[in-house]
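What you see is a predicted model, and the numbers here were worked out from it, not measured in a lab.
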Amino acid sequence: MNPNSLHEAFMKEALKEAGKAFQKGEVPVGAVVVYQNKIIARAFNQMEMLHDPTAHAEMIAITQAADFLRSQGGEKHRGSLEKASLYVTVEPCPMCAGALVISHCENLIFAAKDLKAGACGTLYNITQDDRLNHRLNVTSGILEEDAKILLQEFFKNLRKEKR
């Protein structure tokens with residue numbers, strides 16, 4: 001399988017998670033963490049459900065993946081996401097980008113840019129800042145239109161409800 005079709009296959013899984021968020025009235029962002037070509041964590045935004053402003057899909061997926069890797073590596077595993085890739089439907093915000101750097105995640109693949117809070121190349125570039133101790137390989141635009149359509153539909157519905 002070529003790299004782009006592999007990226008698309010994993011991004012489709014992240015889009016499924018975003019669909020779950022959409023169904024629950026959350027901003028439709030979904031994420032999966034891949035390690036050794038297997039999905040080890042899945043998450044979607046849960047800020048409204050959990051009443052937690054930090055419950056972004058990326059943060060939940062990072063926590064799940066670190067738990068999984070620790071359980072596989074025993075007590076010596078320090079919770080890092082070295083050699084892991086995070087697929088997410090929208091460009092991470094500063095909080096999530098910082099968590100990816102701190103976790104030593106190797107790759108970030110996202111679908112749509114976030115023009116208001118994107119911290120992986122759009123407004124900021126936290127994931128590739130030379131002043132930090134770790135940088136990620138970043139790929140963007142994978143199934144971008146699919147992610148944009150989901151977001152547009154969500155916000156269109158939200159505006160209708162507020163009228």
Side-chain angles (χ1 to χ4, degrees), residues 1 3-114 117-121 126-128 132-144 146-148 150-151 154:
M1 195 178 268
N4 270 353
S5 59
L6 195 59
H7 284 330
E8 287 182 9
F10 289 128
M11 189 61 73
K12 284 178 182 174
E13 294 301 314
L15 284 163
K16 287 179 188 176
E17 294 299 313
K20 292 176 187 176
F22 185 97
Q23 294 300 318
K24 295 184 180 294
E26 297 277 356
V27 175
V29 177
V32 297
V33 177
V34 175
Y35 182 74
Q36 297 179 341
N37 286 328
K38 292 181 187 160
I39 294 174
I40 61 169
R42 298 173 173 271
F44 56 89
N45 273 3
Q46 297 180 43
M47 296 182 310
E48 300 295 325
M49 289 170 40
L50 299 176
H51 306 286
D52 180 355
T54 69
H56 292 198
E58 301 95 307
M59 299 296 285
I60 296 167
I62 289 167
T63 299
Q64 287 177 3
D67 285 347
F68 174 84
L69 292 168
R70 184 198 47 75
S71 72
Q72 300 300 303
E75 292 303 314
K76 65 182 182 260
H77 191 276
R78 50 189 193 88
S80 71
L81 299 189
E82 293 171 40
K83 299 182 182 161
S85 299
L86 181 117
Y87 288 79
V88 62
T89 58
V90 178
E91 180 180 5
C93 71
M95 173 184 68
C96 295
L100 288 165
V101 169
I102 290 168
S103 72
H104 290 251
C105 187
E106 186 169 342
N107 303 296
L108 166 65
I109 301 91
F110 68 86
K113 290 182 178 183
D114 184 341
C120 303
I126 293 170
T127 52
Q128 294 180 320
L132 300 174
N133 68 338
H134 178 72
R135 281 156 294 293
L136 286 79
N137 302 310
V138 178
T139 303
S140 64
I142 305 296
L143 301 180
E144 180 178 13
D146 296 357
K148 281 183 177 180
L150 197 56
L151 285 164
F154 176 80

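- Listed by chain and residue number, K20, R42 satisfy the salt bridge (Lys or Arg N to Asp or Glu O under 4.0 Å) test with E17 (two or more places apart in sequence, or in another chain).
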Could you tabulate the donor-acceptor pairs under 3.5 Å formed by side-chain atoms of residues 28-40, not counting sequence neighbours?
none

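- Salt bridge E8/K12: absent, no basic N to carboxylate O contact under 4.0 Å.
- A search for side chain to side chain donor-acceptor pair (under 3.5 Å) contacts involving E48 returns nothing, not counting sequence neighbours.
- Applying the side chain to side chain donor-acceptor pair (under 3.5 Å) test to K24 and every residue at least two apart in sequence or in another chain returns nothing.
- Partner F110 forms a side chain to side chain contact (heavy atoms under 4.5 Å, CB included) with one of T89, L143, V88, V90 and no other, that one being V88.
- Put simply, the side chain of N45 gets close to the backbone of A57: a donor and an acceptor are under 3.5 Å apart.
- Annotation: salt bridge (Lys or Arg N to Asp or Glu O under 4.0 Å) contacts of K83 (sequence neighbours excluded): none.
- In terms of heavy-atom proximity, A66 sits nearest to L81 at N-CD2, 3.8 Å.
- In terms of modelled atom types and a separation under 3.5 Å, the side chain of Q128 and the main chain of L136 share a donor-acceptor contact.
- A donor-acceptor pair under 3.5 Å is formed between the side chain of E91 and the backbone N or O of D114.
- Checking side-chain atoms of H134 against main-chain N and O of I102 turns up no donor-acceptor pair under 3.5 Å.
- Sorted by first and then second residue, the pairs that involve residues 94-107 and meet side-chain hydrogen bond (donor to acceptor under 3.5 Å, both in side chains), not counting sequence neighbours, are S85-N107, N107-N137.
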